[in-house]
Amino acid sequence: ARLVGPYLLGDAFTLADANALPFFERLDFSLRHYKQIDALARHPRTRRWLDLALSRESFRATRQPEAKLVELYDKFLEADYAFGGLNKN
């Protein structure tokens, strides 16, 4: 079945949206901030969904400010992960 509507499963914001939203928000932010990549540029329906979901009052009231995300992610990037070979890109 082809889904229609602005949200992942149609017209209503559901648990599917609530679960996916934090992942997509941080993925989109981190790729734009650290790699200057718009991962959703070729996925307009997903971009519209993300923009709509990010505009919800419930999300705006609970999201981390971007400055806080940068602070947290920078600490991760500065850590010494030599033991596992992480962070080489």
Side-chain angles (χ1 to χ4, degrees):
R2 182 166 168 80
L3 297 174
V4 293
Y7 295 106
L8 294 178
L9 297 179
D11 291 325
F13 186 84
T14 67
L15 286 175
D17 300 285
N19 280 294
L21 181 54
F23 170 78
F24 275 92
E25 183 258 343
R26 291 182 181 203
L27 176 68
D28 184 56
F29 167 76
S30 62
L31 287 174
R32 281 185 297 104
H33 183 80
Y34 292 101
K35 300 285 188 177
Q36 294 73 51
I37 295 171
D38 181 0
L40 300 179
R42 295 176 53 198
H43 306 280
R45 184 174 188 270
T46 305
R47 170 56 67 198
R48 285 190 304 273
W49 164 78
L50 182 59
D51 291 344
L52 178 64
L54 290 174
S55 72
R56 292 177 59 86
E57 179 59 34
S58 58
F59 182 77
R60 289 185 294 136
T62 59
R63 80 183 303 180
Q64 290 285 334
E66 287 189 353
K68 182 66 172 176
L69 292 178
V70 169
E71 179 185 332
L72 293 170
Y73 290 175
D74 283 351
K75 285 181 185 178
F76 175 78
L77 292 171
E78 292 166 3
D80 179 14
Y81 292 101
F83 64 90
L86 294 175
N87 222 15
K88 291 188 177 182
N89 59 4

Student: Should the ring pair F13 and Y7 be called parallel, tilted or perpendicular, given that the plane angle runs from 0 to 90° and is split at 30 and 60?
Tutor: perpendicular
Student: Would you compute the distance between atom OG of S30 and atom CG of L72 and round it to the nearest 0.5 angstrom?
Tutor: 12.5 Å
Student: Between F59 and A53, which heavy-atom pair has the shortest distance, and what is it?
Tutor: CB-O, 3.8 Å
Student: Without swapping roles, check the side chain of N19 against the backbone of L15 for a donor-acceptor pair under 3.5 Å.
Tutor: yes
Student: Using 0.5 Å steps for rounding, measure from the CG atom of D28 to the CD1 atom of I37.
Tutor: 11.0 Å
Student: How far does CZ of R32 sit from NZ of K35, to the nearest 0.5 angstrom?
Tutor: 15.5 Å
Student: Can you see which heavy atom on L69 is nearest to which on Q64, and at what distance?
Tutor: CD2-CB, 4.0 Å
Student: Do you know the tightest heavy-atom contact between A16 and L9?
Tutor: CB-CD1, 3.9 Å
Student: Output, in order, the C-alpha distance, side-chain angles, deciding distance and verdict of side chain to side chain contact (heavy atoms under 4.5 Å, CB included) for D17 and W49.
Tutor: CA-CA 9 Å; D17 300 285; W49 164 78; 2.7 Å; yes
Student: Find out if a path of hydrophobic residues (ILVMFWY) with successive side-chain heavy-atom gaps under 4.5 Å connects L40 to F23.
Tutor: yes
Student: Specify the closest pair of heavy atoms between G5 and D11, including all atoms of both residues, with the distance to one decimal.
Tutor: CA-OD1, 3.5 Å
Student: Do any N or O atoms from the side chain of R60 and from the backbone of S55 form a donor-acceptor pair under 3.5 angstrom?
Tutor: yes
Student: Grab the two heavy atoms, one from D38 and one from R47, that are nearest each other, plus how far apart they are.
Tutor: OD1-NH2, 2.9 Å
Student: Given side chains that start at C-beta, do those of L21 and L54 come closer than 4.5 Å, heavy atoms only?
Tutor: yes
Student: Just verifying a value: how many Å separate E66 CD and E25 CD, rounded to the nearest 0.5 Å?
Tutor: 7.5 Å
Student: Would you compute the distance between atom CG of D74 and atom NE2 of H33 and round it to the nearest 0.5 angstrom?
Tutor: 6.0 Å
Student: Rounded to the nearest 0.5 Å, what's the gap from CG on L50 to CZ on R45? Could you check?
Tutor: 13.0 Å
